Amino acid sequence: PCVRACDAKAISIDINTKKALISDEKCIQCGSCVYHCPFGAIMDKSSIVDVIKLIKGNKANNTYAIITPAIASQFPSVSIGQIFTAIKKLGFTEVLEVALGADIIAHYEAHQVQHEIETLEWMTTSCCPAFVSYIKKNHPEVVNHDSKAVSPMIASAKLIKKTNPDANIVFIGPCTAKKAEIHEPDLEGIVDYVLTFEELQALIDSREIVI
């Protein structure tokens, strides 16, 4: 199932051991194999323990959770305000949506298209780290058509740190590729940790918070 799920062709089966092997050179960290593996043999690296330590030691009241608007579909029976309250009950100082970061990037990319489309002829967005990684590894000939904008997650985190340089930032969303994105050499230290929705649910359940 993992081989069929991997559109990046990063997974192969060792003919001798019959084990699945993942090529780091081809993997784009999209997480498709994690969701399709029926055996739980593949997992994304979790920072949940680090986040627990961070919010337990949040004496300076400067730990921010930034969440994607997609979180509304994760908890469809409650309001976004109730979700924010639940996250604050975990110990976060503030909860913000990355929708503002998305607006910032849409504005930036619109201006870039306006000024560069005649030269480039066409452009792609750079909001998704898995997509950007796929282009770099599989279609390097079109890399120059990438917008080069940072993702909404990074834009939102930069905005927070512009007003609060000491802020600790945890991104919460559905995408495992974000966990790799924050460790890119030019993005290191902007976002401290990434949690998936499943990890957020685990934290909420551990505190017996009823949203």
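The shown structure was predicted, so the numbers you read here are calculated from the model rather than taken from an experiment. Computed from heavy atoms alone, side chains included, the values below leave out hydrogens, waters and symmetry copies.
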Task: L54 with I67, same ILVMFWY side-chain cluster at under 4.5 Å - done: yes

Task: Residue E25 excluded, over 12 heavy atoms near CD under 6.0 Å - done: no

TODO: Group every Ile, Leu, Val, Met, Phe, Trp and Tyr by side-chain heavy-atom contacts under 4.5 Å, then state whether V150 and V194 land in the same group.
DONE: yes

Task: Short side-chain donor-acceptor distance under 3.5 Å, T93 and T63 - done: no

TODO: State plainly whether the residues E116 and K148 are in salt-bridge range, i.e. N to O under 4.0 Å.
DONE: no

Task: Candidate list S133, C6, P129, C128, test side-chain contact (heavy atoms from CB on, under 4.5 Å), partner I28, passing option - done: S133

Task: Connected-component partners of V210 among ILVMFWY, side-chain separation under 4.5 Å - done: none

Task: Hphob cluster co-occupancy, L100 + V95, side-chain heavy atoms under 4.5 angstrom - done: no

Open item on the list: Can you pull out every salt bridge (charged side-chain N to carboxylate O under 4.0 Å, His left out) where at least one residue sits in residues 74-95? Sequence neighbours excluded, please.
Closed with: K88-E94

Open item on the list: Using side-chain heavy atoms (C-beta onward) and a distance below 4.5 Å, is S151 in contact with S126?
Closed with: no

- [ ] Show your reasoning for whether side-chain contact (heavy atoms from CB on, under 4.5 Å) applies to Q114 and H111.
- [x] CA-CA 5 Å; Q114 181 182 4; H111 276 275; 4.0 Å; yes

TODO: Begin with the C-alpha distance, continue with both residues' side-chain angles, and end with the deciding distance and a verdict on side-chain contact (heavy atoms from CB on, under 4.5 Å) for I48 and Y193.
DONE: CA-CA 9 Å; I48 195 167; Y193 300 108; over 6 Å; no

Open item on the list: Evaluate I71 against F197 for side-chain contact (heavy atoms from CB on, under 4.5 Å), listing each step before the verdict.
Closed with: CA-CA 8 Å; I71 200 167; F197 288 153; 3.7 Å; yes

Task: Non-hydrogen side-chain atoms of F84 and L96 separated by less than 4.5 Å - done: no

Open item on the list: Do K178 and M153 have side chains that approach each other closer than 4.5 Å (heavy atoms only, starting at C-beta)?
Closed with: yes

Open item on the list: If hydrophobic clusters are built from ILVMFWY residues whose side chains come within less than 4.5 Å, do I66 and I83 share one?
Closed with: no

- [ ] May I ask you to test the K137-K26 pair for a side-chain heavy-atom distance under 4.5 Å?
- [x] no

Task: Side chain H107, main chain D103, donor-acceptor under 3.5 Å - done: no

Open item on the list: Determine whether E199 and V51 satisfy the following criterion, side-chain contact (heavy atoms from CB on, under 4.5 Å), listing intermediate values before the conclusion.
Closed with: CA-CA 10 Å; E199 289 170 317; V51 172; over 6 Å; no

Open item on the list: Would you say that more than 12 heavy atoms from the other residues, nucleotides or ligands in this model lie under 6.0 Å from the CD of E118, or not?
Closed with: no

Task: V34-F39 co-clustered via ILVMFWY side chain contacts under 4.5 Å - done: no

Task: Candidate pair S147 and T125, rule side-chain hydrogen bond (donor to acceptor under 3.5 Å, both in side chains), full reasoning - done: CA-CA 5 Å; S147 77; T125 182; 5.0 Å; no

- [ ] Would you please classify the geometry between the H139 ring and the Y134 ring as parallel, tilted or perpendicular, with 30° and 60° separating the classes?
- [x] tilted

- [ ] Kindly state each residue pair satisfying side-chain hydrogen bond (donor to acceptor under 3.5 Å, both in side chains) with at least one member in residues 65-78, sequence neighbours excluded.
- [x] none

- [ ] Test D44 against T176 for side-chain hydrogen bond (donor to acceptor under 3.5 Å, both in side chains), laying out the working first.
- [x] CA-CA 7 Å; D44 54 302; T176 59; over 6 Å; no

TODO: Would you check if the side chain of D192 reaches a backbone N or O of I169 as a donor-acceptor pair within less than 3.5 Å?
DONE: yes

Task: Side chain proximity check, R207 to L90, heavy atoms < 4.5 angstrom - done: yes

Task: Side-chain heavy-atom pair T196, L200 within 4.5 angstrom cut-off - done: no

Task: Beyond-backbone contact of L187 with I182, side-chain heavy atoms, under 4.5 angstrom - done: no

